[in-house]
Amino acid sequence: MKTILDAIKTIAVSVDALIKEGDLGYSTEHNATGDAQLKLDIAADRVIEESLSALARVRSIISEEKENELILDPKAPYTICYDPLDGSSIVDANFSVGAIFGIYEGEPAGASLVTAAYILFGRHIEMVSVERGNPPMRQRFVHGRWQLMDRKFMLKEKGRHNAPGGTQQYWPPHHKAFVDSLFAEGYRLRYSGGMVPDLHHLIVKGGGIFSYPAASDLPNGKLRQLFEVLPFALIFEAAGGQAIDHHGRRLLELAPRHHHDTTPCFFGSNYEINALKKAYGLAT
Ligand code: AHG
Ligand code: MN
Ligand code: MN
(Lines give C-alpha, C1' and ligand atoms only; values in the text may rest on other atoms or scores of the structure.)
(Ligands and ions follow the chains in the order given, each with its own letter.)
Protein backbone atom coordinates (compact mmCIF):
# COMPACT_ATOMS: atom_id res chain seq x y z
CA MET A 1 0.00 0.00 0.00
CA LYS A 2 2.94 2.28 0.72
CA THR A 3 3.89 2.18 -2.97
CA ILE A 4 0.44 3.37 -4.06
CA LEU A 5 0.41 6.17 -1.47
CA ASP A 6 3.97 7.13 -2.51
CA ALA A 7 2.82 7.29 -6.13
CA ILE A 8 -0.09 9.52 -5.06
CA LYS A 9 2.39 11.89 -3.37
CA THR A 10 4.40 12.17 -6.59
CA ILE A 11 1.17 12.69 -8.54
CA ALA A 12 0.23 15.49 -6.12
CA VAL A 13 3.37 17.43 -6.94
CA SER A 14 2.89 16.99 -10.72
CA VAL A 15 -0.79 17.94 -10.68
CA ASP A 16 -0.01 20.97 -8.51
CA ALA A 17 2.39 22.16 -11.25
CA LEU A 18 -0.35 21.65 -13.86
CA ILE A 19 -2.81 23.70 -11.81
CA LYS A 20 -0.27 26.48 -11.33
CA GLU A 21 0.98 26.60 -14.91
CA GLY A 22 -1.51 24.70 -17.04
CA ASP A 23 -4.30 25.94 -19.28
CA LEU A 24 -7.44 26.42 -17.17
CA GLY A 25 -9.90 26.66 -20.09
CA TYR A 26 -12.63 24.26 -21.16
CA SER A 27 -12.06 21.42 -23.62
CA THR A 28 -14.74 20.39 -26.12
CA GLU A 29 -15.32 17.08 -24.24
CA HIS A 30 -17.80 15.89 -21.57
CA ASN A 31 -17.28 13.14 -18.99
CA ALA A 32 -19.55 10.17 -18.17
CA THR A 33 -21.63 12.30 -15.76
CA GLY A 34 -22.16 14.91 -18.50
CA ASP A 35 -19.92 17.61 -16.98
CA ALA A 36 -17.99 19.77 -19.44
CA GLN A 37 -14.34 18.82 -19.00
CA LEU A 38 -11.64 21.38 -18.38
CA LYS A 39 -8.34 20.89 -20.20
CA LEU A 40 -7.00 20.56 -16.66
CA ASP A 41 -9.39 17.66 -15.81
CA ILE A 42 -8.03 15.80 -18.83
CA ALA A 43 -4.37 16.68 -18.21
CA ALA A 44 -4.57 15.67 -14.51
CA ASP A 45 -6.31 12.43 -15.48
CA ARG A 46 -3.51 11.64 -17.93
CA VAL A 47 -0.75 12.27 -15.36
CA ILE A 48 -2.52 10.04 -12.84
CA GLU A 49 -3.20 7.27 -15.35
CA GLU A 50 0.45 7.22 -16.42
CA SER A 51 1.72 7.09 -12.89
CA LEU A 52 -0.71 4.43 -11.59
CA SER A 53 -0.21 2.28 -14.69
CA ALA A 54 3.43 1.87 -13.76
CA LEU A 55 2.60 0.27 -10.39
CA ALA A 56 2.54 -3.42 -9.61
CA ARG A 57 -0.52 -4.99 -7.92
CA VAL A 58 -3.03 -2.66 -9.58
CA ARG A 59 -5.77 -4.57 -11.36
CA SER A 60 -7.50 -1.55 -12.85
CA ILE A 61 -8.14 2.15 -12.60
CA ILE A 62 -11.51 3.90 -12.79
CA SER A 63 -11.48 7.67 -13.24
CA GLU A 64 -14.27 10.21 -12.90
CA GLU A 65 -13.06 11.53 -16.25
CA LYS A 66 -13.12 8.19 -18.10
CA GLU A 67 -16.20 6.41 -19.35
CA ASN A 68 -14.74 2.94 -18.78
CA GLU A 69 -12.54 1.04 -16.38
CA LEU A 70 -8.97 0.58 -17.59
CA ILE A 71 -7.74 -2.94 -16.86
CA LEU A 72 -3.99 -3.07 -16.21
CA ASP A 73 -3.33 -6.51 -14.73
CA PRO A 74 -6.35 -8.84 -14.36
CA LYS A 75 -4.60 -10.94 -11.67
CA ALA A 76 -3.63 -8.01 -9.42
CA PRO A 77 -5.67 -7.26 -6.25
CA TYR A 78 -6.36 -3.50 -6.27
CA THR A 79 -8.66 -1.19 -8.20
CA ILE A 80 -7.93 2.52 -7.80
CA CYS A 81 -10.85 4.90 -8.33
CA TYR A 82 -10.04 8.58 -8.52
CA ASP A 83 -11.33 12.07 -9.11
CA PRO A 84 -8.32 13.72 -10.78
CA LEU A 85 -9.49 17.27 -10.14
CA ASP A 86 -12.19 17.99 -7.63
CA GLY A 87 -13.52 21.54 -7.84
CA SER A 88 -13.33 22.07 -11.60
CA SER A 89 -15.92 24.84 -11.39
CA ILE A 90 -13.92 26.92 -8.87
CA VAL A 91 -10.45 26.53 -10.35
CA ASP A 92 -10.88 29.74 -12.41
CA ALA A 93 -11.55 31.67 -9.19
CA ASN A 94 -8.17 30.52 -7.84
CA PHE A 95 -9.87 28.63 -4.99
CA SER A 96 -8.27 25.54 -3.51
CA VAL A 97 -9.06 22.33 -5.36
CA GLY A 98 -8.24 18.70 -4.73
CA ALA A 99 -7.91 15.14 -5.97
CA ILE A 100 -9.47 12.05 -4.35
CA PHE A 101 -8.39 8.39 -4.43
CA GLY A 102 -10.07 5.19 -3.26
CA ILE A 103 -8.12 1.94 -3.27
CA TYR A 104 -10.42 -1.08 -3.39
CA GLU A 105 -9.49 -4.72 -2.95
CA GLY A 106 -11.78 -6.63 -5.28
CA GLU A 107 -15.00 -5.27 -6.80
CA PRO A 108 -15.17 -1.55 -5.83
CA ALA A 109 -17.79 -0.89 -3.11
CA GLY A 110 -17.85 0.50 0.43
CA ALA A 111 -16.96 -2.87 1.94
CA SER A 112 -13.92 -3.38 -0.29
CA LEU A 113 -12.40 0.10 0.23
CA VAL A 114 -9.11 -0.52 2.03
CA THR A 115 -7.32 2.82 1.71
CA ALA A 116 -8.46 6.36 0.89
CA ALA A 117 -6.54 9.55 0.29
CA TYR A 118 -7.17 13.08 -0.82
CA ILE A 119 -4.82 15.81 -1.93
CA LEU A 120 -5.53 19.43 -1.20
CA PHE A 121 -3.90 21.93 -3.53
CA GLY A 122 -3.84 24.97 -1.28
CA ARG A 123 -1.13 27.31 -0.14
CA HIS A 124 0.69 24.05 0.56
CA ILE A 125 0.03 20.67 -0.97
CA GLU A 126 -1.40 18.32 1.66
CA MET A 127 -2.27 14.65 1.60
CA VAL A 128 -4.64 13.03 4.07
CA SER A 129 -4.77 9.25 3.96
CA VAL A 130 -6.41 6.45 5.88
CA GLU A 131 -5.70 2.75 5.82
CA ARG A 132 -8.82 0.97 7.08
CA GLY A 133 -8.66 0.45 10.83
CA ASN A 134 -6.10 3.21 11.40
CA PRO A 135 -6.43 6.91 12.25
CA PRO A 136 -6.00 9.50 9.47
CA MET A 137 -2.51 10.66 8.56
CA ARG A 138 -1.97 14.24 7.44
CA GLN A 139 1.15 15.16 5.49
CA ARG A 140 2.25 18.46 4.01
CA PHE A 141 4.71 19.16 1.20
CA VAL A 142 7.07 21.86 2.45
CA HIS A 143 10.40 22.92 0.94
CA GLY A 144 10.35 19.97 -1.45
CA ARG A 145 9.72 17.34 1.25
CA TRP A 146 6.68 15.55 2.66
CA GLN A 147 6.36 16.16 6.37
CA LEU A 148 4.05 14.34 8.73
CA MET A 149 1.89 16.79 10.66
CA ASP A 150 1.78 15.53 14.19
CA ARG A 151 -1.25 17.40 15.45
CA LYS A 152 -4.11 14.95 16.00
CA PHE A 153 -6.37 15.00 12.98
CA MET A 154 -9.61 13.91 14.67
CA LEU A 155 -13.14 15.25 15.06
CA LYS A 156 -14.63 16.34 18.35
CA GLU A 157 -18.20 15.43 19.33
CA LYS A 158 -19.60 18.68 17.89
CA GLY A 159 -18.41 21.44 15.60
CA ARG A 160 -19.46 24.97 14.65
CA HIS A 161 -19.63 24.89 10.86
CA ASN A 162 -22.37 24.05 8.39
CA ALA A 163 -21.55 23.26 4.73
CA PRO A 164 -24.82 22.71 2.84
CA GLY A 165 -24.37 21.66 -0.80
CA GLY A 166 -26.74 21.79 -3.77
CA THR A 167 -29.37 24.33 -4.80
CA GLN A 168 -31.69 25.42 -1.94
CA GLN A 169 -34.59 25.94 -4.33
CA TYR A 170 -34.68 22.17 -4.92
CA TRP A 171 -34.09 20.92 -1.36
CA PRO A 172 -36.90 18.94 0.34
CA PRO A 173 -38.55 20.89 3.21
CA HIS A 174 -37.12 18.63 5.97
CA HIS A 175 -33.59 19.30 4.69
CA LYS A 176 -34.15 23.05 4.58
CA ALA A 177 -35.57 22.89 8.13
CA PHE A 178 -32.48 20.96 9.31
CA VAL A 179 -30.01 23.41 7.73
CA ASP A 180 -31.95 26.37 9.17
CA SER A 181 -32.03 24.75 12.62
CA LEU A 182 -28.23 24.58 12.71
CA PHE A 183 -27.93 28.24 11.74
CA ALA A 184 -30.49 29.05 14.45
CA GLU A 185 -28.20 27.24 16.92
CA GLY A 186 -25.30 29.49 15.96
CA TYR A 187 -23.54 27.45 13.26
CA ARG A 188 -21.60 29.40 10.69
CA LEU A 189 -21.68 28.83 6.94
CA ARG A 190 -18.54 27.48 5.27
CA TYR A 191 -18.94 26.34 1.68
CA SER A 192 -16.49 26.95 -1.15
CA GLY A 193 -17.98 24.55 -3.72
CA GLY A 194 -15.09 22.09 -3.56
CA MET A 195 -15.67 19.04 -1.38
CA VAL A 196 -11.94 18.56 -0.70
CA PRO A 197 -11.34 21.97 0.89
CA ASP A 198 -14.82 22.00 2.47
CA LEU A 199 -14.48 18.59 4.15
CA HIS A 200 -10.82 19.21 5.03
CA HIS A 201 -11.87 22.45 6.70
CA LEU A 202 -14.38 20.61 8.90
CA ILE A 203 -11.80 18.06 10.07
CA VAL A 204 -9.18 20.75 10.71
CA LYS A 205 -11.69 22.70 12.81
CA GLY A 206 -12.72 19.52 14.64
CA GLY A 207 -16.31 19.09 13.45
CA GLY A 208 -19.46 20.36 11.78
CA ILE A 209 -21.45 18.94 8.88
CA PHE A 210 -21.23 18.82 5.08
CA SER A 211 -24.42 17.79 3.32
CA TYR A 212 -25.30 17.02 -0.26
CA PRO A 213 -28.98 15.98 -0.10
CA ALA A 214 -31.38 14.23 -2.43
CA ALA A 215 -33.18 17.14 -4.10
CA SER A 216 -35.80 17.53 -6.82
CA ASP A 217 -33.16 18.44 -9.43
CA LEU A 218 -30.74 15.67 -8.33
CA PRO A 219 -32.74 12.83 -6.67
CA ASN A 220 -29.56 10.75 -6.24
CA GLY A 221 -27.42 13.68 -5.16
CA LYS A 222 -24.43 14.85 -7.16
CA LEU A 223 -21.38 13.31 -5.58
CA ARG A 224 -20.02 10.10 -7.02
CA GLN A 225 -19.72 7.04 -4.79
CA LEU A 226 -16.45 5.50 -5.95
CA PHE A 227 -14.33 8.61 -6.47
CA GLU A 228 -15.73 11.09 -3.93
CA VAL A 229 -18.17 9.72 -1.36
CA LEU A 230 -16.65 6.41 -0.24
CA PRO A 231 -13.06 7.71 0.22
CA PHE A 232 -14.34 10.57 2.38
CA ALA A 233 -16.63 8.17 4.29
CA LEU A 234 -13.60 6.07 5.28
CA ILE A 235 -11.70 9.20 6.31
CA PHE A 236 -14.58 10.69 8.35
CA GLU A 237 -15.22 7.44 10.20
CA ALA A 238 -11.49 7.03 10.90
CA ALA A 239 -11.47 10.60 12.25
CA GLY A 240 -14.22 9.68 14.73
CA GLY A 241 -17.16 11.12 12.76
CA GLN A 242 -20.02 9.65 10.77
CA ALA A 243 -20.81 9.42 7.06
CA ILE A 244 -24.37 8.42 6.10
CA ASP A 245 -26.89 8.65 3.27
CA HIS A 246 -30.45 10.06 3.38
CA HIS A 247 -31.78 6.75 4.74
CA GLY A 248 -29.34 6.85 7.65
CA ARG A 249 -27.26 4.06 6.13
CA ARG A 250 -23.48 4.15 6.55
CA LEU A 251 -22.05 5.22 3.21
CA LEU A 252 -19.45 2.47 3.59
CA GLU A 253 -22.27 -0.07 3.19
CA LEU A 254 -23.09 1.17 -0.32
CA ALA A 255 -22.24 -0.77 -3.45
CA PRO A 256 -22.71 1.15 -6.70
CA ARG A 257 -24.35 -0.60 -9.64
CA HIS A 258 -22.42 1.53 -12.11
CA HIS A 259 -19.01 3.12 -11.70
CA HIS A 260 -20.35 6.65 -12.02
CA ASP A 261 -23.32 6.25 -9.62
CA THR A 262 -23.94 9.10 -7.20
CA THR A 263 -25.60 9.20 -3.77
CA PRO A 264 -26.92 11.80 -1.36
CA CYS A 265 -24.37 12.08 1.44
CA PHE A 266 -23.73 13.63 4.84
CA PHE A 267 -20.36 13.82 6.58
CA GLY A 268 -19.89 15.23 10.04
CA SER A 269 -19.20 14.96 13.70
CA ASN A 270 -21.57 12.95 15.89
CA TYR A 271 -23.77 15.74 17.23
CA GLU A 272 -24.68 17.13 13.80
CA ILE A 273 -25.22 13.72 12.16
CA ASN A 274 -27.48 12.67 15.03
CA ALA A 275 -29.40 15.95 14.66
CA LEU A 276 -29.75 15.24 10.93
CA LYS A 277 -31.13 11.75 11.62
CA LYS A 278 -33.72 13.28 13.94
CA ALA A 279 -34.72 15.95 11.42
CA TYR A 280 -35.04 13.29 8.71
CA GLY A 281 -37.11 11.03 11.03
CA LEU A 282 -34.43 8.30 11.03
CA ALA A 283 -33.39 6.03 13.89
CA THR A 284 -30.34 7.35 15.78
P1 AHG B 1 -15.98 17.96 -9.66
O2 AHG B 1 -15.23 19.25 -9.80
O3 AHG B 1 -15.08 16.76 -9.52
O4 AHG B 1 -17.06 17.78 -10.70
O5 AHG B 1 -16.74 17.98 -8.23
C6 AHG B 1 -17.43 19.13 -7.78
C7 AHG B 1 -18.30 18.74 -6.63
C8 AHG B 1 -17.69 18.89 -5.23
O9 AHG B 1 -16.36 19.21 -5.16
C10 AHG B 1 -18.50 19.97 -4.58
O11 AHG B 1 -18.70 19.73 -3.23
C12 AHG B 1 -19.78 19.98 -5.35
O13 AHG B 1 -19.44 19.56 -6.64
C14 AHG B 1 -20.41 21.32 -5.37
O15 AHG B 1 -21.65 21.25 -5.94
P16 AHG B 1 -22.75 22.43 -5.81
O17 AHG B 1 -22.14 23.63 -6.47
O18 AHG B 1 -23.93 21.88 -6.52
O19 AHG B 1 -23.02 22.67 -4.32
MN1 MN C 1 -15.25 15.92 -7.63
MN1 MN D 1 -13.45 16.04 -10.87
Side-chain angles (χ1 to χ4, degrees), residues 11-12 15 18-19 22 24-27 29-49 61-67 80-102 116-122 128 161-172 175-176 179 189-203 208-233 235-236 243 251 256 259-268:
I11 286 168
V15 173
L18 279 178
I19 295 168
L24 301 180
Y26 279 96
S27 73
E29 308 295 320
H30 287 76
N31 66 17
T33 325
D35 307 327
Q37 288 174 306
L38 292 182
K39 290 179 193 163
L40 202 53
D41 287 313
I42 298 170
D45 184 38
R46 199 168 298 143
V47 166
I48 298 174
E49 175 189 332
I61 58 176
I62 302 176
S63 164
E64 181 186 279
E65 300 303 338
K66 286 189 213 307
E67 182 89 41
I80 306 179
C81 300
Y82 62 93
D83 176 356
L85 184 72
D86 178 72
S88 305
S89 70
I90 53 173
V91 77
D92 58 349
N94 198 19
F95 279 21
S96 291
V97 294
I100 312 166
F101 299 82
Y118 66 82
I119 307 294
L120 176 70
F121 303 103
V128 173
H161 295 117
N162 190 9
T167 308
Q168 290 204 27
Q169 187 187 1
Y170 302 119
W171 289 350
H175 185 71
K176 168 101 175 100
V179 171
L189 174 68
R190 290 292 183 277
Y191 194 78
S192 74
M195 77 181 298
V196 173
D198 289 336
L199 287 168
H200 185 72
H201 178 261
L202 292 184
I203 313 178
I209 187 165
F210 173 99
S211 46
Y212 209 105
S216 57
D217 59 335
L218 293 166
N220 294 318
K222 174 183 183 185
L223 299 172
R224 289 144 282 224
Q225 296 185 31
L226 293 184
F227 327 108
E228 298 176 316
V229 171
L230 296 176
F232 269 110
I235 292 167
F236 263 68
L251 293 167
H259 295 151
H260 294 272
D261 279 357
T262 60
T263 180
C265 53
F266 307 90
F267 303 90

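Just the heavy atoms: all of them, side chains too, but no hydrogens, waters or symmetry mates, feed the values below. None of these values were measured; they are calculated from a predicted model. For ligands, and for the atoms within them, numbers begin at 1 and follow the listed sequence.
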I'd like the atom name of the N/O/S atom in Glu228 lying closest to the Mn ion (ligand 2). OE2
Answer yes or no for Phe227: is there a heavy-atom contact with ligand 1 below 4.0 Å? no
Atom nearest to the Mn ion (ligand 3) - Glu64, N, O or S atoms considered: OE2
Closest to the Mn ion (ligand 2), among the N/O/S atoms of Asp83, is atom OD2
Heavy-atom contact under 4.0 Å between Asp198 and ligand 1? no
Residues His259, Phe227; criterion ring pair (Phe, Tyr, Trp, His ring centres under 6.0 Å); working and verdict: CA-CA 9 Å; His259 295 151; Phe227 327 108; 8.1 Å; no
Rounded to the nearest 0.5 Å, what separates atom OG1 in Thr263 from atom CD in Glu228? 11.5 Å
re atom 18 (O) of ligand 1, the protein heavy-atom contact at minimum distance is Tyr212 OH, 2.6 Å
Name of the residue among Ile42, Leu40, Asp35 meeting side-chain contact (heavy atoms from CB on, under 4.5 Å) with Leu38: Leu40
If you measure from each non-hydrogen atom of Gln168 to ligand 1, which part falls under 4.0 Å: side chain, backbone, both or neither? neither
With heavy atoms of Asp83 as the reference, note each atom of ligand 1 found under 4.0 Å away. 3 (O)
Gly194 heavy atoms, cut-off 4.0 Å: which ligand 1 atoms fall inside? 9 (O), 11 (O)
Which protein heavy atom lies closest to atom 15 (O) of ligand 1, and at what distance to 0.1 Å? Lys222 NZ, 3.0 Å
Going by the order shown, which atoms of ligand 1 are within less than 4.0 Å of some heavy atom of Met195? 8 (C), 9 (O), 10 (C), 11 (O)
I need the Arg46 CZ to Glu65 CD distance, nearest 0.5 Å. 12.0 Å
Is the closest N or O pair between Gly165 and ligand 1 shorter than 3.5 Å? no
Restricting to N, O or S atoms, which atom of Asp86 is closest to the Mn ion (ligand 2)? OD1
Indicate the atoms forming the closest heavy-atom contact of Met195 with Phe210, along with that distance. CB-CZ, 4.0 Å
Kindly indicate whether the side chain of Thr167, heavy atoms from C-beta on, has any atom under 4.5 Å from the side chain of Leu218. no
Check whether Asp41 reaches the backbone of Pro84 with its side chain - one donor and one acceptor, N or O, closer than 3.5 Å. no
Of all the non-hydrogen atoms in the protein, which one sits nearest to atom 6 (C) of ligand 1, and at what distance? Asp86 OD1, 3.8 Å
Taking side chain as C-beta onward, heavy atoms only, is Cys265 less than 4.5 Å from Phe232? no
Trace of the side chain to side chain contact (heavy atoms under 4.5 Å, CB included) decision for Leu251 with Phe236: CA-CA 11 Å; Leu251 293 167; Phe236 263 68; over 6 Å; no
I need the nearest protein heavy-atom contact for atom 7 (C) of ligand 1: residue, atom name and distance, please. Leu223 CD2, 3.7 Å
Taking N, O or S atoms only and a limit of 2.8 Å, check whether Asp35 reaches the Mn ion (ligand 3). no
As an exercise, identify every atom of ligand 1 less than 4.0 angstrom from a heavy atom of Phe210. 11 (O)
Tell me, please: is Leu85 in heavy-atom contact with ligand 1, that is, under 4.0 Å? yes
N/O/S from Leu85 sitting under 2.8 Å away from the Mn ion (ligand 3): yes
Determine the minimum heavy-atom distance between Val15 and Ala44, stating which atoms define it. CG1-CB, 4.1 Å
Return the residue, atom name and 0.1 Å-rounded distance of the protein heavy atom closest to atom 10 (C) of ligand 1. Gly193 O, 3.4 Å
Subset of ligand 1 atoms that lie under 4.0 Å from at least one heavy atom of Ser88: 2 (O)
Over 12 non-hydrogen atoms of neighbours within 6.0 angstrom of CG in Asp217: yes
In ligand 1, the atoms that come under 4.0 Å of a heavy atom of Glu228 are 3 (O), 5 (O)
At a 4.0 Å threshold, what atoms of ligand 1 neighbour a non-hydrogen atom of Arg224? 1 (P), 3 (O), 4 (O), 5 (O)
Can you list the atoms of ligand 1 that are under 4.0 Å from a heavy atom of Tyr191? 11 (O), 14 (C), 15 (O), 16 (P), 19 (O)
Do Asp86 side-chain atoms and Gly98 backbone N/O form a donor-acceptor pair below 3.5 Å? no
Determine whether a donor-acceptor pair (N or O, by modelled atom type, separation under 3.5 Å) exists between the side chain of Thr262 and the backbone of Asn220. yes
When every non-hydrogen atom of Ser96 is compared with those of Ile90, the smallest separation belongs to O-CD1, 3.7 Å
